Amino acid sequence: MQLIFKFIKDMSQRVKIKQILLSDKANYEVTVKGWVRTFRNNQFIALNDGSTNSNLQVVVDFENTDPLLLKRITTGAAIGVTGEVIPSLGKGQKVEIKAKHMEIYGDSDPEAYPLQPKKHSLEFLREIAHLRFRTNTFGAVFRVRHALAFAVHKFFNDKGFVYLHTPIITASDAEGAGEMFRVTTLDMKKPPLTPEGEIDYKEDFFGRSTNLTVSGQLEGELGAMAFGEIYTFGPTFRAENSNTARHLAEFWMIEPEMAFYDLKDNMDLAEEFIQYVIRYVLENNREDLEFLAQRLAEEEKQKPQAERSELGLIEKLEFVLNNQFERISYTEAIEILKNSKPNKNKKFQYPVEDWGTDLQSEHERYLVEKHFKKPVILTDYPAAIKSFYMKQNEDGKTVRAMDILFPGIGEIVGGSQREENYDKLVGRMKELHIPVEELYWYLDTRRFGTCPHAGFGLGFERLVLFVTGMTNIRDVIPFPRTPKNAEF
RNA sequence: UCCUCCUUAGCUCAGUUGGUUAGAGCAUCUGACUGUUAAUCAGAGGGUCGUUGGUUCAAGUCCAACAGGGGGAGCCA
């Protein structure tokens with residue numbers, strides 16, 4: 001009686017496929033549950049439960065199985081299988097499971113199910129984003145995304161940073177950076193009006209005009225002035241009409257702020273941070289990365305030879321780990337660009353002439369992909385093209401800004417040492433017509449115990465793009481929000 | 001937002017200087033086979049050619065507008 005009880009208990013023990021494939025053991029009974037990828041030869045089920053990129057082969061004794069049950073084993077169906085794990089009789093896998101009992105949890109009509117056991121275009125899968133997690137590519141991408149997110153928290157936690165939740169609804173247009181999404185409960189057909197005929201936000205939910213955040217930085221600085229080091233990691237919103245493979249209207253950003261850090265400390269941290277999270281996935285998501293590397297290699301084959309990248313995905317990640325980022329000033333970058341072949345041969349769409357203009361994508365790409373062939377940190381930009389809160393240099397022309405540029409991605413990090421001097425900061429705000437009164441709380445950090453400090457923002461999806469080798473940012477966030485697209 | 005290209009079967013794509021009944025591979029269905037690896041073999045079904053309007057005896061094919069998508073640019077992370 002006890003034996004029977006134990007047997008039933010073991011049978012009900014569900015095991016993840018990753019666990020079965022990782023161990024060399026065989027000849028034991030388990031239950032697995034997952035989704036059918038293909039059913040070959042009326043005999044072999046490729047079962048995937050999301051725990052790993054690989055499928056487990058379930059062998060069905062079709063001659064002794066109810067034909068009605070067999071018909072229900074279709075691509076996409078959710079099933080549970082109990083049986084013995086045995087060394088595989090076929091090639092292609094070490095172990096397989098010989099089914100004793102099968103249960104269908106959810107049927108999947110093969111006429112209607114859009115995923116087929118074949119290659120689908122990324123554009124098509126984007127249209128069925130609710131189902132694309134069930135593909136090899138997106139399974140790998142989102143497991144890697146998860147691992148990167150976990151590594152972000154681990155890195156900062158191990159260094160003693162405090163994870164600070166900055167607000168998502170804000171009343172201030174912090175950096176004056178771009179268009180914001182309005183947050184309101186007012187009746188859009190009949191908004192309350194002031195005597196002057198303007199919309200009366202005093203009647204709105206918060207008693208003032210509010211928006212979704214474009215950055216947690218200013219609030220982050222408040223935390224840094226108490227905890228020393230903080231970081232934020234949360235959603236960020238930009239209502240820009242950007243239609244590119246590198247922009248989203250809703251994306252996730254990581255923003256550390258550190259008291260007593262100067263620009264060099266800031267760069268050191270950013271570089272160490274990026275290398276840390278890349279090393280983490282190389283060590284923990286090898287199988288997914290190898291799949292993505294193979295996918296990328298096949299995609300590269302379609303391209304003309306001149307456009308192919310020299311390194312494979314994994315080599316590229318290892319290269320970033322083993323090489324220091326190139327650090328040069330904006331002024332040095334302008335000199336390099338001025339003397340570059342494409343500039344002299346008038347190959348740039350925007351020729352590089354004067355000091356002071358912002359760099360175009362083509363210039364950044366030249367520096368990163370052609371000249372240095374590695375990540376580049378550009379520092380000390382002209383004050384005129386950077387934000388008000390950046391620390392002014394002694395030359396009176398530049399600020400202690402730093403942008404990290406990555407091959408294929410462009411700007412992955414933007415940061416700076418912050419202006420800690422109250423008078424200089426207010427002076428700059430007035431020049432740029434930033435409402436000083438409204439940001440009194442931000443300025444208070446400079447009135448009470450100000451100190452040198454620095455920070456940066458890293459676009460999480462751009463990091464995931466780089467690590468996975470995907471090329472469209474819409475394919476590395478589960479449900480992309482872009483102009484004219486908020487499906488799912 | 002600007003430039004440019006694309007939209008034909010469930011998916012990926014052919015479709016001639018505009019001319020009868022618009023094709024293929026995969027998928028699906030039926031049957032065969034049964035140690036397969038995106039199984040294989042035989043057969044079948046499946047299309048308002050993105051939408052609207054125009055040119056023409058005749059439009060998948062030419063023109064315009066709109067919608068959606070790709071690539072590039074701007075803005076940025």
Side-chain angles (χ1 to χ4, degrees), chain A residues 37-46 54-63 70-71 74-76 86 88-93 96 98 108-128 135-136 175-179 213-217 233 235-255 270 303 307 348-350 358-365 385-387 403-406 409-415 456-466 471-477 482-485 487:
Chain A
R37 286 289 173 82
T38 62
F39 185 29
R40 287 185 295 268
N41 216 8
N42 213 18
Q43 216 181 157
F44 303 102
I45 302 170
S54 303
N55 302 322
L56 178 67
Q57 173 152 289
V58 176
V59 184
V60 181
D61 180 5
F62 66 96
E63 280 164 325
L70 286 177
K71 276 193 87 82
T74 57
T75 302
I86 56 168
S88 179
L89 298 177
K91 288 169 191 166
Q93 58 279 317
E96 62 195 17
K98 213 175 159 185
S108 176
D109 179 1
E111 295 263 24
Y113 190 59
L115 290 172
Q116 301 157 11
K118 62 166 275 190
K119 215 178 196 99
H120 287 292
S121 68
L122 295 175
E123 290 82 15
F124 170 68
L125 293 171
R126 212 173 289 150
E127 287 169 23
I128 51 164
T135 64
N136 288 330
E175 305 174 45
E179 293 295 308
T213 182
V214 293
S215 165
Q217 183 201 318
F233 186 3
T236 309
F237 307 88
R238 304 270 166 95
E240 295 288 350
N241 193 7
S242 296
N243 292 291
T244 81
R246 296 180 303 282
H247 289 87
L248 291 163
E250 176 183 289
F251 63 101
W252 289 67
M253 189 152 65
I254 297 144
E255 294 179 291
K303 291 185 189 168
E307 288 173 29
F348 282 142
Q349 199 184 335
Y350 299 88
D358 210 351
L359 298 178
Q360 304 290 324
S361 288
E362 57 180 350
H363 305 143
E364 296 181 349
R365 271 210 309 275
I385 59 172
K386 287 291 179 183
S387 303
D403 284 1
I404 303 184
L405 309 177
F406 259 51
I409 311 289
E411 188 183 338
I412 195 166
V413 164
F456 62 85
L458 179 139
F460 185 57
E461 281 76 17
R462 290 188 179 177
L463 177 68
V464 182
L465 267 185
F466 182 76
T471 48
N472 194 315
I473 202 161
R474 298 165 193 207
D475 294 331
V476 298
I477 188 166
T482 53
K484 298 281 180 332
N485 186 358
E487 190 73 35

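Order of the sequence lines sets the chain letters (A, B, ...), proteins ahead of strands, with each chain counted from 1. Keep in mind that what you see is a predicted model, and the values were worked out from it rather than measured.
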So what does A:Phe456 hit on the nucleic acid, given a heavy-atom distance under 4.0 Å: a base, only sugar-phosphate, or nothing?
-> nothing
Say you pick atom P in B:rU37 and the same atom in B:rU21; how far apart are they, in whole Å?
-> 43 Å
Give the rounded distance in Å between these two atoms: CG of A:Asn243 and C1' of B:rC2.
-> 11 Å
Which whole-number value in Å describes the distance from A:Phe124 CZ to B:rG50 P?
-> 18 Å
Indicate for each nucleotide in nucleotides 23-42 of chain B, in 5' to 3' sequence, whether protein heavy atoms under 4.0 Å reach the base (B), only the sugar-phosphate (S), or nothing (-).
-> --BBSSSS---BBBBBB---
In whole angstrom, what separates A:Asn241's CG from B:rC76's P?
-> 15 Å
Rounded to whole Å, CG of A:Leu359 lies from P of B:rC76 at a distance of 12 Å
Please state the P separation for the pair B:rU1 and B:rA22 - nearest whole angstrom.
-> 39 Å
Is the ring centre of A:Tyr350 less than 6.0 Å from the ring centre of A:His363?
-> no
Start at the 5' end of RNA chain B and walk down; is the nucleotide closest to A:Gly457 or to A:Lys484 reached first?
-> A:Lys484
Is the closest side-chain donor-acceptor distance between A:Thr244 and A:Arg246 under 3.5 Å?
-> no
So, A:Glu96 side chain and A:Ile86 main chain: donor-acceptor pair closer than 3.5 Å or not?
-> no
Any sub-3.5 Å donor-acceptor pair from A:Asn485's side-chain atoms to A:Glu487's backbone N or O?
-> yes
Would you say A:Arg246 reaches B:rA73's phosphate, i.e. side-chain N/O to OP1/OP2 under 4.0 Å?
-> yes
Under a 4.5 Å cut-off applied to non-hydrogen side-chain atoms, are A:Lys386 and A:Asp403 in contact?
-> yes
Base, sugar-phosphate, or nothing: which does A:Ile254 touch, judged by heavy atoms less than 4.0 Å apart?
-> nothing
Report the C-alpha distance between A:Leu463 and A:Ile412 in whole Å, list the side-chain angles of each, state the deciding distance to 0.1 Å, and finish with yes or no for side-chain contact (heavy atoms from CB on, under 4.5 Å).
-> CA-CA 7 Å; A:Leu463 177 68; A:Ile412 195 166; 4.2 Å; yes
Nearest-angstrom distance from the residue atom CG of A:Asn485 to C1' of B:rG68 = 10 Å
Separation between the P atoms of B:rU8 and B:rC2, rounded to whole Å = 25 Å
Quantified in whole Å, what is the C1' atom distance between nucleotide B:rA24 and nucleotide B:rA9?
-> 11 Å
For the pair made of CD in A:Gln217 and P in B:rC76, what is the distance, rounded to whole Å?
-> 14 Å
Looking at every strand, decide which applies to A:Asn472 at a 4.0 Å heavy-atom threshold: base, sugar-phosphate, or nothing.
-> sugar-phosphate
Reckon A:His120 touches a base, only the sugar-phosphate, or nothing at all at heavy-atom distances under 4.0 Å?
-> sugar-phosphate
Hey, where does RNA chain B pair up into stems, meaning at least three consecutive Watson-Crick or G-U pairs with distances under 3.5 Å?
-> B:1-7 with B:67-73, B:10-13 with B:23-26, B:28-32 with B:40-44, B:50-54 with B:62-66
Starting from P on B:rC76, measure out to CG on A:Leu248 and report it in whole angstrom.
-> 17 Å
Is A:Arg365 reaching over with its side chain to a backbone N or O of A:Gly410, donor-acceptor style, under 3.5 angstrom?
-> no
Whole-angstrom distance between B:rG23 and B:rU56, as gauged at atom P | 29 Å
Flag, side chain of A:Ser108 to backbone of A:Thr75, donor-acceptor distance under 3.5 Å | yes
Does some side-chain heavy atom of A:Leu248 sit less than 4.5 Å from a side-chain heavy atom of A:Glu461?
-> yes
State whether A:Arg126 places a side-chain N or O below 4.0 Å from either non-bridging phosphate oxygen (OP1 or OP2) of B:rG68.
-> no
I would like to know whether A:Leu122 and A:Asn472 meet side-chain contact (heavy atoms from CB on, under 4.5 Å); could you show each step before the answer?
-> CA-CA 9 Å; A:Leu122 295 175; A:Asn472 194 315; over 6 Å; no
Between B:rU30 and B:rU12, how far apart are the P atoms? Round to whole Å, please.
-> 25 Å
Gap in Å between the two P atoms, one belonging to B:rA38 and one to B:rA32, rounded = 25 Å
Under 4.0 Å between a side-chain N/O of A:Thr244 and OP1 or OP2 of B:rG71, yes or no?
-> no
Donor-acceptor pair under 3.5 Å: do we get one between A:Ser242's side chain and the base of B:rC75?
-> yes
Ring-on-base stacking B:rA77 with A:Phe251 (under 5.5 Å, under 30°) = yes
Can you tell me if A:Gln43 uses its side chain to pair, donor with acceptor, with the backbone of A:Val59 under 3.5 Å?
-> no
What's the CD-P distance between A:Glu362 and B:rC75, to the nearest Å?
-> 12 Å
Same-atom distance (C1') from B:rC63 to B:rG72, integer angstrom = 27 Å
